[in-house]
Amino acid sequence: MATRNIYKTAVDEDVQPTNTCPECDGRVTTNTHETVCDDCGLILSDQAIDPGPEWRSFPEDQSNPERTGAPLTPSLHDQGLSTTIDKHHDGKGRSLSPQKQRQLRRLRREQGRAQCSTTRERNQMRGFYEIRRIVSALGLGRSIRDQTCALFTTAQNEDLLHGRSLEAIAAGCVYAISRCNSLPRSVAEIARFAKCNEDSVRNAFAVLNTELGLPTPPPTPRQFIPQLASALCLSPEVRHRAVEFTEQARKQGIDNGCNPAGVAAACLELASNDAGEHVLQCELAAKADVSTATLRNHRDALAEKLVETQ
DNA sequence: ACGATTATTGCGTTCTT
DNA sequence: AAGAAAACAATAATCGT
């Protein structure tokens, strides 16, 4: 429980408003890892300028020995601090004698074994590999990836992996972190890329959530608008309108107990119809992972309420 | 493609032991 | 208090236009 708050990364604390989003003119926020548009979810840059020292070494300047090496990353089990032994050259770039090469080959083999000496470390490597794979397949940013890896480590420390598949825990971590960051992906979407079924992902998330007490608020329809609008190439106006509709839906309480993605899809349909940008129901429903019937039901219920309030 | 009707599923409530 | 069951709402499937 001591590590509870590490998932709340800089998103809340170090946020500094910068300029506006080129796509929708929405407000843009930057944390330590990436710059994201609040309105459309567009990631403007996940290669933020690093104010730290250069990652170069200057052999002639011996006074500054710490200015070497690659930046640390939590998504590698050794945080990127691995040692590699070259095959053909020594530290100064000279080529090696065959005897030395043989010796170094043996050293390299032992070093490789030492790098993940325990099953714990091996599991962590496999878990991180899986996380990196899923996160990049979903198009989520570096910040999400690093938070997910941190959560995975915590899960490992709390002994939550016993009897569960590593792949399921990794996928569950991705799901949990995406939700904690208000960038919800459906379990189905994650399971599509994960090496396990939906139930395993759900179960893994449930375990993480209860055992670690994650700050996971229920997903709201609003959070689904950006990704859906972007997937269907809808205009910023439609997107803004749809967000307003989600607010209406919330006030009227018609999203209670409903799949938020379905409500979001209905809001988008109404908004796009208003703007004359016609979207096929089946496409909208497919992107939101709901049936067209559900989409229509929500749309009609919402339309009724909207007429009443006018 | 869209709409209406019917079937299924999931879940909180209520009843029983 | 714990489990079973009837009940309801959300969602999906199917058929008709």
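Chain letters run A, B, ... following the sequence lines, proteins first and then strands; every chain starts at 1.
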Contacts of type salt bridge (Lys or Arg N to Asp or Glu O under 4.0 Å), residue A/K195, not counting sequence neighbours
A/E130

Tell me, please, which residues at least two apart from A/R179 pass salt bridge (Lys or Arg N to Asp or Glu O under 4.0 Å).
none

If you compare all heavy atoms of [X] against all heavy atoms of [Y], which two are closest, and at what distance to 0.1 Å?
X      : Y      : value
A/S178 : A/R185 : OG-N, 3.8 Å
A/L208 : A/A155 : CD2-CB, 3.7 Å
A/A249 : A/L302 : CB-CD1, 3.8 Å

Derivation of the side-chain hydrogen bond (donor to acceptor under 3.5 Å, both in side chains) call for A/Q281 and A/T292:
CA-CA 6 Å; A/Q281 247 180 34; A/T292 54; 4.9 Å; no

Chain A vs DNA chain C, heavy-atom contacts under 4.0 Å, first-to-last nucleotide span, 5' to 3', is C/dA10 to C/dA13

Hey, does A/D289 have a side-chain heavy atom less than 4.5 Å from the side chain of A/S186?
yes

Need one value for A/H298: base, sugar-phosphate or nothing, where a base atom within 4.0 Å counts as base even if backbone is also close, heavy atoms only.
sugar-phosphate

Look at all strands and tell whether A/N297 reaches a base, only sugar-phosphate, or nothing, counting heavy atoms closer than 4.0 Å.
base

What pairs of nitrogen or oxygen atoms, one from the protein and one from nucleotides 7-11 of chain B, lie under 3.5 Å apart?
none

Lys/Arg-Asp/Glu bridge criterion (N-O < 4.0 Å) met for A/R222, A/D255:
no

Looking at A/Y129, I want to see if its OH is surrounded by more than 12 non-hydrogen atoms of other residues, nucleotides or ligands under 6.0 Å.
no

Kindly give the atom pairs (protein nitrogen or oxygen, nucleotide nitrogen or oxygen) under 3.5 Å for nucleotides 1-3 of chain B.
from	atom 1	to	atom 2	distance (Å)
B/dC2	OP2	A/Q281	N	3.1
B/dG3	OP2	A/Q281	NE2	3.0
B/dG3	OP2	A/R299	NH1	3.3
B/dG3	OP2	A/R299	NH2	3.3
B/dG3	N7	A/R296	NH2	3.1

Could I get the full list of side chain to side chain donor-acceptor pair (under 3.5 Å) partners for A/Q124, not counting sequence neighbours?
A/T153

